[in-house]
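Read the structure below first, then the notes.
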Amino acid sequence: MICDNLQHIHDRIRKAALAAGRDPESIRLVAVSKHIDPETISTAISCGQLLFGENYLQEAQKKIALLDKKVSWHFIGGLQSNKAKVVVELFDMVETVDRFKTARALNNHAERINKQLDILVQINIGKEPQKSGILPENTVEFIKELNSLQALRVQGLMAIPPYSPDPETTRPHFARLRELGTLCSKADLFHSERCELSMGMSGDFETAIEEGATIVRVGTAIFGPRYHTETEHP
Ligand SMILES: *Cc1c(COP(=O)(O)O)cnc(C)c1O
């Protein structure tokens, strides 16, 4: 089941990329495994999925310890600076950086263990008052500040647009994130030439790919519904 789901999603990613004139290899699938048990994640690993996203640190810590060391993990949850040490040790990328204080804590721990940590800046693309993320207009200034932190490598932007069941409603938000990414690339703010854009989830990842996503974060469409929705990160 999981393997079929993964295969189907890879097919859909490839189709959406080709239709948009993009190289399907330029898009990475993060399998969002929050609230999914280690056995089920193991199944996904055995059918070739080697990149996962987790939202909750304690939960992730337990699972990562049990699972294959060749797996890469992206942190996609709410960040607290007092947890920076564990995050730096466990994750290959932190997608949700939106405060300098937290970034500085990540940087300090990364320096201590001689690690270069890849990060994305989370943008509150829909300017929703209750949501995390940097406001679009403050992005350039924020990344300039981050670039003073030697152990962090800012690779691009991430967003969770306002929820809508209709991907066409979400499309303009994806387009705005891409435009913001282009602006930052032109200002030479990213660590690499390529600007990573992490956007698109189960309900809208094809639209996100059409608008330039390089990382899509898909949970439900791979693992089925989760049963702990009350504690979910907004
Ligand atoms: C849960 C979650 C996802 C995956 O959502 P699905 O709709 O299950 O695909 C993606 N990104 C973030 C930040 C999440 O918290």
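All ligand and atom numbering here is 1-based and tracks the order in the structure. When reading the values below, keep in mind they use all heavy atoms of this one structure, side chains included, and skip hydrogens, waters and symmetry mates. Since the model is a prediction, treat every value here as computed from it, not as a measurement.
Proximity to Ile160 (heavy-atom distance under 4.0 Å) selects the following atoms of ligand 1: 13 (C). With ligand atoms numbered from 1 in the order given, ligand 1 contributes 9 (O) to contacts under 4.0 Å with heavy atoms of Val218. Of all atoms in ligand 1, listed by their number and element, those nearer than 4.0 Å to a heavy atom of Thr220 are 6 (P), 7 (O), 8 (O), 9 (O). Set against the non-hydrogen atoms of Asn55, the atoms of ligand 1 under 4.0 Å away are 14 (C), 15 (O). Residue-ligand proximity, Arg217 to ligand 1, at heavy-atom distances under 4.0 Å covers atoms 4 (C), 9 (O), 10 (C), 11 (N), 12 (C), 13 (C).
Electrostatic pairing of Arg12 and Glu206 counts as a salt bridge here, judged by a charged N lying under 4.0 Å from a carboxylate O. A salt bridge does not link Glu54 with Lys62: none of the charged nitrogens is closer than 4.0 Å to a carboxylate oxygen.
The closest approach between any non-hydrogen atom of Arg226 and ligand 1 is below 4.0 Å.
With sequence neighbours left out, the salt bridge (Lys or Arg N to Asp or Glu O under 4.0 Å) criterion links Asp92 to no other residue. Remark: Arg171 engages Glu168, Glu210, Glu211 in a side chain to side chain donor-acceptor pair (under 3.5 Å) (not counting sequence neighbours).
Ring geometry for Tyr56 versus His35: interplanar angle under 30°, hence parallel rather than tilted (30 to 60°).
A side chain to side chain contact (heavy atoms under 4.5 Å, CB included) with Val32 holds for exactly one of Val218, Val216, Ile76; it is Ile76.
Which of Glu54, Met201, Lys34 comes nearest to atom 2 (C) of ligand 1 through a heavy atom is settled by distance: it is Lys34.
Some N or O of Gly219 is nearer than 3.5 Å to an N or O of ligand 1, by distance alone.
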